[in-house]
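When a residue number appears, it is its place in the shown sequence, counting from 1.
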Amino acid sequence: MKVCLINIIVVMALISCSHDGFKNDLCKDDGFNVLFLHHSTGGLIYKGGSDNDKSVVDTWFEGYNKSVDHKINFQENIFPQSKKLKILGYGWKNYPYDYYNIWVKNGKKNQYKNEPTLKVLTTYWDVIIIKHCYPVSNMVEGYSSDINSSEKTLANYKLQYEALKKKFYEYPETKFIIWTGAALVEQNTSEEKALRAKEFFSWVKNEWDSPNDNIFIWDFYELETEGGLYLKDEYAVSPTNSHPNSVFAAKVAPLFCQRIIDVILHDGNRTSLTGEYLLK
């Protein structure tokens with residue numbers, strides 16, 4: 001009986017700790033605490049094409065921290081998760097609707113379906129970075145708009161992003177970096193869907209994003225497509241797999257890091273949206 005009671009207490013303690021906004025020993029009082037929320041594509045860029053246990057991004061920030069007085073405490077986390085500690089989670093979905101659903105629609109709570117809301121996350125993190133899985137570009141044609149719909153339409157995406165923008169403004173002390181969405185390889189989509197995706201990501205950069213606020217862009221879509229409609233085949237795992245390959249990951253991981261530093265120190269004014277340093 002005592003053993004069972006102890007096990008229950010331990011499990012409950014673990015459950016409660018899992019909802020603290022991903023705070024751990026990397027989240028410190030000194031320096032800048034940066035949280036990167038992602039799924040598989042984000043994980044590949046975080047690794048930077050490295051086969052080592054340590055990611056290219058972690059190595060990059062370790063080197064950076066040795067050369068400056070301030071420190072970057074960088075942490076990456078899967079968000080949202082299908083399961084957390086064997087408990088039913090939100091599900092493997094991180095599209096505009098899902099960030100809206102967790103952080104806006106249910107944003108008055110500390111957590112929703114075992115995922116922390118901004119009410120909790122912003123108490124720990126100076127910078128929060130979000131990205132979508134590449135099916136975000138698998139947009140369907142839709143004529144009606146419904147902010148509470150998970151259907152991947154241009155109208156729904158725009159409504160959900162506008163709501164997210166207002167929510168981000170409620171936390172002016174936190175900076176938010178939004179990845180433009182990952183593209184699909186040509187064989188995995190249609191021209192019509194690719195055009196809708198391009199239209200949305202262009203809208204995010206040119207209309208949704210406003211100057212002099214706490215929201216910033218890293219233009220991942222541009223890096224993947226180089227102005228085209230599709231993830232370039234030479235940057236993909238294969239012509240039928242829309243995950244980026246190790247060569248591409250190694251190329252863009254430093255740009256991701258540079259963009260983060262520029263957003264923190266200079267409000268993103270010294271790099272382009274893709275992370276290259278601008279000429280003075």
Original post:
Quick check: does any side chain N or O of Q160 sit under 3.5 Å from a backbone N or O of Y97, one acting as donor and the other as acceptor?
Top reply: yes

Original post:
Using the benzene-type ring in the case of Trp, are the ring centres of H243 and Y134 under 6.0 Å apart?
Top reply: yes

Original post:
Between the side chains of K165 and S210, does any donor sit under 3.5 Å from an acceptor?
Top reply: yes

**OP:** Indicate the ring-plane relationship of W92 and H39, choosing parallel, tilted or perpendicular according to the 30° and 60° boundaries.
**Re:** parallel

Subject >> Salt-bridge contact D267-K175 (side-chain N to carboxylate O under 4.0 Å) >> reply: yes

Subject >> Distance-only side-chain donor-acceptor flag, N114 / Y90, under 3.5 Å >> reply: no

Subject >> Short N-O contact, K167 and E170, less than 4.0 angstrom >> reply: yes

**OP:** Determine whether the aromatic ring centres of Y95 and Y157 lie less than 6.0 Å apart.
**Re:** no

Original post:
Given side chains that start at C-beta, do those of Y100 and I147 come closer than 4.5 Å, heavy atoms only?
Top reply: yes

Original post:
Between F176 and Y171, is a ring-ring contact (aromatic ring centres under 6.0 Å, His included) present by the stated rule, with each step listed?
Top reply: CA-CA 10 Å; F176 295 89; Y171 303 97; 7.2 Å; no

Original post:
Do side-chain atoms of N65 reach the backbone of F61 as a donor and acceptor pair under 3.5 angstrom?
Top reply: yes

Original post:
Do the side chain of N33 and the main chain of V127 share a donor and acceptor less than 3.5 angstrom apart?
Top reply: no

Subject >> Residues E224, K232: salt bridge by 4.0 Å N-O rule >> reply: no

Original post:
Between W208 and F168, what is the ring plane arrangement, given parallel below 30°, perpendicular above 60°, and tilted in between?
Top reply: perpendicular

Subject >> Cation-pi check, K71 onto F32 ring (under 6.0 Å, within 45° of axis) >> reply: no

Original post:
Is it true that the side chains of D58 and Y46 contain a donor and an acceptor less than 3.5 Å apart?
Top reply: yes

Original post:
F220 vs W179 aromatic rings, parallel, tilted or perpendicular, using cut-offs 30° and 60°?
Top reply: tilted

Original post:
Is there a donor-acceptor contact under 3.5 Å from the side chain of S202 to the main chain of E199?
Top reply: no

Original post:
Just by distance, with hydrogens left out, do Y221 and K205 show a side-chain donor and acceptor under 3.5 Å apart?
Top reply: no

